[in-house]
Amino acid sequence: MPIKALPDHIKAIIMSIGAGFLIISMNAFAKKAAEYHDPIEIVFYRGLVAMILLLIYVAYKKRTDFYKTTRMKSHFGRAFIGNCGVIAVFWSYKLLPMADVTALLFSSPFIVTVLSALILKEKVGIYRWLAILIGFIGVVMIVGPSLSGLHGYAVFVPLLASLCMGFVAIFLRDLGKTEDSITTVFYFLLFGVLYSGVYMVFKGSFPAPDAMGILFCVGLAAFVQLILKTEAYRLAEASMLSPYTYIMLIWAALIGWIFWGDVPDIWVWIGASVIIVSNLFITWREQKNKQKKDAAIEVQI
């Protein structure tokens, strides 16, 4: 059956899984590039390549209004926090095995839920608070053995990345009410290049000859996964796609084992399982609450 003939939700699932694979591939290329460049340099070249590809894409789509916005300050803030998060992610993969970092990054939805309650004043019930607590126990299961081993402080870097990702999600919830997704991606990449470009002027270096292809692949994977993820969330609800994002842990474990010989500790798998189950419960509760609100609105109408 041709892909175009598939139902929208099936296409969205395929795109979501593909985007997850590309995210892990991007991080694997970044881990390899870290042998030649520091994380901020990698973020600069990633953003530069991805932005050029995005401009080619919008030209092909004849999108002449993609840059128009009335919310430049929000884009500025989202891009700053988001690119700090990407730097922390790339630094994490430089310091730790891929599966460990990927599992720890799954703690981001807990942070989003907490920030939603504190900043957006969204109501979070006792069951979701309990799921968050259990999820953080899963984080401790992963972090604990690492603290007593060779990784030490390094385990806190992906947790910093998760915190940044949590703030980014709050920005995106707000920007999504008025902004086109391509506009948001464009300013994320543009400001990321400008932010990291300041560093490049004083501390940066031209791509190492052996790293040029790797850096291009980082940017290419970043661009394609952004397009796939954007299209996937256009075709299906986030609650439907959420479970498929956790396949990234399998991709990360396989790539880490094949290219770096990393075999995840049993506590990584146990902790990741606890985190994933907690995340799925939070997603289910949010979807259930949304259905209740929609039903109440229909009754009022």
Side-chain angles (χ1 to χ4, degrees), residues 15 18-61 66-67 79-102 105 154 157-158 161 164-165 168 182 184-230 248 251-262:
M15 289 178 183
F21 176 74
L22 286 170
I23 289 171
I24 296 301
S25 299
M26 175 188 71
N27 292 330
F29 284 121
K31 185 178 179 72
K32 182 64 178 176
E35 297 175 11
Y36 306 92
H37 296 279
D38 64 48
I40 301 179
E41 289 178 308
I42 298 171
V43 166
F44 173 79
Y45 289 117
R46 165 194 179 272
L48 188 62
V49 171
M51 188 172 66
I52 292 171
L53 293 173
L54 179 66
L55 292 175
I56 294 172
Y57 175 79
V58 295
Y60 170 75
K61 290 287 187 177
F66 69 93
Y67 62 91
F80 179 77
I81 296 294
N83 281 281
C84 285
V86 176
I87 291 170
V89 168
F90 287 172
W91 189 17
S92 299
Y93 281 106
K94 178 181 179 179
L95 297 171
L96 295 167
M98 293 200 64
D100 295 46
V101 176
T102 303
L105 291 177
V157 182
C164 291
M165 290 163 63
V168 165
I182 295 296
T184 302
V185 169
F186 169 69
Y187 283 111
F188 168 66
L189 295 173
L190 175 63
F191 285 130
V193 170
L194 294 177
Y195 296 150
S196 54
V198 175
Y199 174 86
M200 293 295 292
V201 171
F202 297 99
K203 294 284 187 177
S205 59
F206 287 104
D210 292 341
M212 292 185 70
I214 299 170
L215 290 170
F216 177 80
C217 288
V218 173
L220 177 62
F223 167 72
V224 178
Q225 69 86 15
L226 281 170
I227 298 300
L228 284 180
K229 193 160 57 175
T230 298
M248 288 195 299
W251 299 136
L254 282 173
I255 291 175
W257 173 62
I258 292 170
F259 292 100
W260 287 279
D262 295 328

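Bear in mind the structure is a predicted one, so any value in this text is a computation, not a measurement.
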K.L.:
Taking Ala253's backbone N and O only, do any of them form a donor-acceptor pair with Asp262's side chain (distance below 3.5 Å, no angle check)?
P.N.:
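Side chain of Asp262 to backbone of Ala253: no pair is present.
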K.L.:
Measuring only between side-chain heavy atoms, which start at C-beta, is Phe90 closer than 4.5 Å to Arg46?
P.N.:
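A side-chain contact exists here, since the closest heavy-atom pair is under 4.5 Å.
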K.L.:
Do you know which two heavy atoms are closest between Phe188 and Asn83, and how far apart they sit?
P.N.:
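Closest heavy-atom pair between Phe188 and Asn83: O-ND2, 3.2 Å.
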K.L.:
For residues 20-34, tabulate all N or O donor-acceptor pairs below 3.5 Å that involve a side-chain atom, not counting sequence neighbours.
P.N.:
from, atom 1, to, atom 2, distance (Å)
Ser25, OG, Phe21, O, 2.8
Asn27, ND2, Ile23, O, 3.2
Lys31, NZ, Tyr93, O, 2.5
Lys31, NZ, Leu96, O, 3.1
Lys32, NZ, Glu35, OE1, 3.2
Lys32, NZ, Glu35, OE2, 3.4

K.L.:
Please name the pair of heavy atoms, one in Val168 and one in Gly82, separated by the smallest distance, quoted to 0.1 Å.
P.N.:
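Residues Val168 and Gly82, closest heavy atoms: CG2-CA, 3.4 Å.
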K.L.:
So, for Ala252 and Thr102, which heavy atoms are closest and what is the spacing to 0.1 Å?
P.N.:
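Residues Ala252 and Thr102, closest heavy atoms: CB-OG1, 3.2 Å.
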K.L.:
Where the side chain of Tyr187 meets the backbone of Tyr67, is there a donor-acceptor pair that is under 3.5 Å apart?
P.N.:
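Checked: pair present.
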K.L.:
How far apart are the C-alpha atoms of Leu194 and Val198, what are their side-chain angles, what is the distance that settles it, and do they pass the side chain to side chain contact (heavy atoms under 4.5 Å, CB included) test?
P.N.:
CA-CA 7 Å; Leu194 294 177; Val198 175; over 6 Å; no
K.L.:
For the CE atom of Met248 and the CE atom of Met98, what is their distance to the nearest 0.5 Å?
P.N.:
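Taking CE in Met248 and CE in Met98, the distance rounds to 10.5 Å.
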K.L.:
In Å, rounded to the nearest 0.5 Å, how long is the span from OG of Ser196 to CD1 of Ile87?
P.N.:
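Rounded to the nearest 0.5 Å, the OG-CD1 separation comes out at 7.0 Å.
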K.L.:
I would like to know whether Ile227 and Ile182 meet side chain to side chain contact (heavy atoms under 4.5 Å, CB included); could you show each step before the answer?
P.N.:
CA-CA 9 Å; Ile227 298 300; Ile182 295 296; 4.2 Å; yes
K.L.:
Please list every donor-acceptor pair under 3.5 Å in which a side-chain atom of residues 202-226 meets a protein atom from a residue at least two apart or in another chain.
P.N.:
from, atom 1, to, atom 2, distance (Å)
Ser205, OG, Glu41, OE2, 2.8
Gln225, NE2, Ala222, O, 3.4

K.L.:
If you compare all heavy atoms of Cys164 against all heavy atoms of Gly85, which two are closest, and at what distance to 0.1 Å?
P.N.:
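Scanning both residues, the minimum pair turns out to be CB-CA, 3.5 Å.
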K.L.:
What distance do Leu48 atom CG and Met200 atom CE have between them, rounded to the nearest 0.5 Å?
P.N.:
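Between Leu48 CG and Met200 CE, I get 9.0 Å after rounding to 0.5 Å.
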K.L.:
Could you go through Ile40 and Tyr195, starting from their C-alpha distance and side-chain angles, then the distance that decides it, and tell me whether this counts as side chain to side chain contact (heavy atoms under 4.5 Å, CB included)?
P.N.:
CA-CA 9 Å; Ile40 301 179; Tyr195 296 150; over 6 Å; no
K.L.:
Out of curiosity, Trp257 CH2 to Leu254 CG, how far, rounded to the nearest 0.5 Å?
P.N.:
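So the gap between those two atoms works out to 7.5 Å.
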K.L.:
Any chance you could lay out the side chain to side chain contact (heavy atoms under 4.5 Å, CB included) test for Val193 and Leu189, step after step, and finish with the verdict?
P.N.:
CA-CA 6 Å; Val193 170; Leu189 295 173; 5.5 Å; no
K.L.:
Would you say the side chain of Val101 lies within less than 4.5 Å of the side chain of Leu105, judging by non-hydrogen atoms?
P.N.:
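Result yes, sub-4.5 Å side-chain heavy-atom pair found.
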K.L.:
Heavy atoms only: give me the nearest Ala79-Phe191 pair and the separation to one decimal.
P.N.:
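Heavy atoms only, the tightest pair is CB-CB, 3.5 Å.
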K.L.:
Could you tell me whether Tyr199 atom OH has more than 12 heavy atoms of other residues or ligands within 6.0 Å of it?
P.N.:
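Check passes, neighbour count above 12.
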K.L.:
Of all the heavy-atom pairs spanning Val89 and Ala161, show the shortest one and how long it is.
P.N.:
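Shortest heavy-atom contact: CG2-CB, 3.7 Å.
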K.L.:
Under the ring pair (Phe, Tyr, Trp, His ring centres under 6.0 Å) test, which residues partner Tyr36, sequence neighbours left out?
P.N.:
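Partners of Tyr36 by the ring pair (Phe, Tyr, Trp, His ring centres under 6.0 Å) criterion come out as none, since no residue qualifies.
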